[in-house]
Amino acid sequence: MNEQTEVASTAVTIPAEKLQQAVDIVRRMREEIRRALIGQQAVVDQVLATLLAGGHVLIEGVPGLGKTLLVKALAKTFAGEFTRIQFTPDLMPADVMGHSIFDMRNQTFTVRKGPVFTHLLLADEINRAPAKTQSSLLEVMQERQVTIEGETHSLSAPFMVLATQNPLENEGTYPLPEAQLDRFLVKVRIDYPSEAEELAMLALVTGNRIGDGLDVQPVASLIKPETVVALQQLVARIRVDEAVANYAVRLVRATRDWPGIAIGAGPRGTIALVRVARAMALMAGRDFITPDDIKSACLPVLRHRIAISPESELDGLNTDHLLQALIEHIAAPRA
């Protein structure tokens, strides 16, 4: 049995009532986040889809665009724990994972767990930390457990890392290794708000308030973390037709010899593409994915998994330009 038929045959029909309940929950989560974060709807949807798919997000954008606010608001919607780590050049792995300390009174070692023990972890400016600290976090993202002094500790579910990355042209940044970028399910680009959104933000912040920031106080907690895990299990049951799975494979394989792309995406990219497309299908109220779900997932899933050639860079192209051209060239199956 090939990979495509395997994907298609493992899906189980989801009862319509259960699907509708899930869609309603996600819609309400989106609305609650909107109470704190003005605009950035595409970013919110991609982050929600990644949570439902059980992955991690790499966010790139200049400071001050609401990344922390987004993560705090998302955590509050499902009453999850939230921690934030500011990555700096002197940050050590133990500052992230935790460490054991010797208790003089009891003459024993006790474990002091680090900020990684949470539901949502905001790893701010991850590319300002040394490679050793970056690697320790990326390892935890994959294994979802931490080993301290030989003792293994499991992380709570759901567990999601949202790492922000400063643009690489900024001073004092160190690019993440390509093999480790693959640990992130998607890479989201957050841009400046529109003029109308910035005006609405200004009115909200300066309306009889002290200080200059937005907060998550208006955001309501709708569900518990266990419900998020149940939603993730539901997403894993979204049906994938063999023709759609074949389309995802052809798109990813095309990146490996596409003009202007120096390094194409690996098989993990194909798997990620289907995982995110499944979450997008559920958010749209369907129990099956369509070619359009694959297309919508293509840029956030693949843009950090490919590297463009120096000639393309000189021509002013970026990964999104090349992926968009590839999507337009590869024929999609009829829905």
Side-chain angles (χ1 to χ4, degrees), residues 30 39-62 65 67 70 160 162-165 167-168 175-176 178 180-194 235 238 240 244-284 289-309 312-313 315-333 335:
R30 186 193 287 128
Q40 309 292 357
Q41 197 53 60
V43 174
V44 172
D45 285 348
Q46 290 170 4
V47 170
L48 267 174
T50 308
L51 174 68
L52 296 175
H56 307 286
V57 181
L58 181 63
I59 305 177
E60 185 172 278
V62 298
L65 294 179
K67 296 185 283 277
L70 166 62
M160 182 182 187
L162 297 97
T164 71
Q165 177 175 250
L168 297 182
L176 295 172
E178 288 165 2
Q180 295 182 344
L181 278 172
D182 214 27
R183 301 287 183 243
F184 292 96
L185 190 62
V186 302
K187 178 180 177 181
V188 172
R189 288 200 171 122
I190 185 166
D191 209 345
Y192 291 107
S194 67
V235 166
I238 295 290
V240 185
V244 178
N246 183 271
Y247 177 52
V249 171
R250 284 189 289 122
L251 277 173
V252 173
R253 292 183 68 85
T255 64
R256 297 167 198 168
D257 52 13
W258 189 259
I261 296 179
I263 303 174
R268 202 193 296 266
T270 314
I271 296 167
L273 200 53
V274 170
R275 286 174 62 195
V276 175
R278 274 179 156 153
M280 289 179 167
L282 182 135
M283 292 169 70
I289 70 172
T290 66
D292 283 343
D293 293 324
I294 296 290
K295 289 179 184 177
S296 299
C298 204
L299 264 59
V301 166
L302 296 181
R303 63 164 59 110
H304 60 296
R305 291 185 163 92
I306 66 170
I308 67 174
S309 65
S312 296
E313 283 191 73
D315 290 339
L317 299 175
N318 59 33
T319 53
D320 285 11
H321 293 139
L322 296 171
L323 287 172
Q324 196 60 52
L326 188 147
I327 293 169
E328 291 170 5
H329 181 79
I330 304 293

Exercise. To the nearest 0.5 Å, what is the distance between CG (L273) and CZ (R278)?
Worked result: 12.0 Å
Exercise. Which heavy atom in A279 sits nearest to a heavy atom in V235, and how many Å separate them?
Worked result: N-CG1, 3.7 Å
Exercise. Once you round to the nearest 0.5 Å, how far does CG of L70 lie from OG1 of T164?
Worked result: 11.5 Å
Exercise. What do the steps show when you test M280 against I289 for side chain to side chain contact (heavy atoms under 4.5 Å, CB included), and what is the final call?
Worked result: CA-CA 8 Å; M280 289 179 167; I289 70 172; over 6 Å; no
Exercise. Is there a donor-acceptor pair closer than 3.5 Å between any side-chain N or O of Q46 and the backbone N or O of K187?
Worked result: no
Problem set entry | Q40 CD to D191 CG distance, which is reported to the nearest 0.5 Å | 7.5 Å
For this session: Heavy atoms only: give me the nearest A53-R275 pair and the separation to one decimal.
Result: O-NH2, 2.7 Å
Problem set entry | Exam field: side chain D293 to backbone T290, donor-acceptor pair closer than 3.5 Å | yes
Exercise. Any donor-acceptor pair under 3.5 Å linking the side chain of R305 with the backbone of L181?
Worked result: no
Seminar exercise, completed: Tightest non-hydrogen contact, residues I294 and A277, listed as CD1-CB, 3.8 Å
Compile the donor-acceptor pairs under 3.5 Å between side chains in residues 321-328 and protein atoms, sequence neighbours left out, one pair per line.
| unit_1 | atom_1 | unit_2 | atom_2 | d |
| --- | --- | --- | --- | --- |
| H321 | ND1 | N318 | N | 3.0 |
| H321 | ND1 | N318 | OD1 | 3.2 |

Exercise. R268 and D182: which non-hydrogen atoms are nearest, and at how many Å?
Worked result: NE-OD2, 2.8 Å
Problem set entry | Exam field: side chain H304 to backbone F184, donor-acceptor pair closer than 3.5 Å | yes
For this session: Starting at OG1 of T50, measure out to CG of L58 and round the result to the nearest 0.5 Å.
Result: 11.0 Å
For this session: Enter the distance from R30:CZ to D45:CG here, rounded to the nearest 0.5 Å.
Result: 4.5 Å
Problem set entry | Whether S312 side chain and L317 backbone form a donor-acceptor pair below 3.5 Å | no
Exercise. Rounded to the nearest 0.5 Å, how far apart are CZ of R253 and CZ of R250?
Worked result: 11.5 Å
For this session: Kindly say whether T319 contributes a backbone atom to a donor-acceptor pair with the side chain of R303 at under 3.5 angstrom?
Result: no
Exercise. Which atoms form the tightest heavy-atom contact between C298 and L251, and what is the distance?
Worked result: SG-CD1, 4.3 Å
Seminar exercise, completed: G269 and V301 have their tightest heavy-atom pair at O-CG1, 3.8 Å
Problem set entry | Matching residue for K67 among L162, I59, V188 - test: side chain to side chain contact (heavy atoms under 4.5 Å, CB included) | I59
